[in-house]
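One structure below.
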Amino acid sequence: RVHLLQRLRDLRDWAHFIHDSITMDQPYETGKQDLLVAYLGDEFLRGFAVDSASLARRIDVMIEKIEASAAPAGKISVPSR
């Protein structure tokens with residue numbers, strides 16, 4: 001469970017990174033937004049921004065549900081192989 005949660009947090013962080021990367025210029029990226037719009041179009045970029053933000057929110061929900069369903073260590077039943 002710990003590894004699963006860590007992987008989900010990593011994926012959520014990547015979704016945030018993608019969203020931020022396509023919606024904001026960093027000081028060293030002057031003009032990036034204009035280039036993205038020129039190459040891909042404003043509508044595509046807006047959709048991509050919405051999708052990446054939505055993905056981050058959905059992963060947050062997954063994390064919350066897994067954390068909320070955690071049973072105390074002594075009560076977890078793990079099937080043996």
Side-chain angles (χ1 to χ4, degrees):
R1 185 176 91 85
V2 171
H3 297 293
L4 172 62
L5 286 169
Q6 184 56 50
R7 181 64 62 210
L8 287 171
R9 288 183 185 107
D10 291 344
L11 291 170
R12 178 199 54 207
D13 292 345
W14 273 107
H16 284 298
F17 175 76
I18 290 167
H19 181 265
D20 293 347
S21 293
I22 62 171
T23 59
M24 294 183 271
D25 279 343
Q26 298 298 319
Y28 57 87
E29 298 176 321
T30 305
K32 178 188 72 178
Q33 290 298 78
D34 294 335
L35 284 173
L36 287 171
V37 170
Y39 286 122
L40 304 171
D42 191 51
E43 184 178 338
F44 177 84
L45 284 178
R46 277 184 284 151
F48 204 87
V50 168
D51 290 345
S52 58
S54 175
L55 180 59
R57 284 191 303 274
R58 287 183 286 166
I59 293 172
D60 269 334
V61 169
M62 293 170 66
I63 291 167
E64 290 169 8
K65 285 184 177 191
I66 292 170
E67 288 176 338
S69 69
K75 296 187 178 188
I76 296 175
S77 174
V78 178
S80 60
R81 294 180 186 213

State yes or no: do Ile66 and Val61 share one hydrophobic cluster built from I, L, V, M, F, W and Y residues joined by side-chain heavy-atom distances below 4.5 Å, directly or via other members? no
Do Trp14 and Met62 share a hydrophobic cluster, counting only Ile, Leu, Val, Met, Phe, Trp and Tyr and linking them when any side-chain heavy atoms are less than 4.5 Å apart? no
Tell me, do Arg1 and Leu5 make a side-chain contact under 4.5 Å, heavy atoms counted? yes
Inter-residue atom distance Asp13.CG - Leu8.CG, 0.5 Å rounding: 11.0 Å
Quick check on the hydrophobic clustering: are Leu45 and Ile18 connected, directly or via other members, by side-chain heavy-atom contacts under 4.5 Å? yes
Heavy atoms only: give me the nearest Ile59-Arg12 pair and the separation to one decimal. CG2-CB, 3.6 Å
Scanning both residues in full, the closest heavy-atom pair of Gln33 with Ser21 reads OE1-O, 4.3 Å
Carboxylate-amine/guanidinium contact Asp60 Arg57, below 4.0 Å: no
Path from Leu4 to Leu55 over hydrophobic side-chain contacts below 4.5 Å: yes
Taking a hydrophobic cluster as the set of Ile, Leu, Val, Met, Phe, Trp and Tyr residues connected by side-chain heavy atoms closer than 4.5 Å, whether directly or through intermediates, do Phe48 and Val50 fall within one such cluster? no
Shortest non-hydrogen contact from Ala49 toward His19: O-CD2, 3.0 Å
Got a second to check how far Asp25's CG is from Asp20's CG, nearest 0.5 Å? 12.0 Å
What I want to find out is whether Arg9 reaches Glu67 closely enough, with some N-O distance under 4.0 Å, to be called a salt bridge. yes
Search all heavy atoms of Ile22 against all heavy atoms of Lys32 and return the closest pair with its distance. N-NZ, 4.5 Å
How many angstroms lie between atom CD1 of Ile63 and atom CZ of Arg7, to the nearest 0.5 angstrom? 12.0 Å
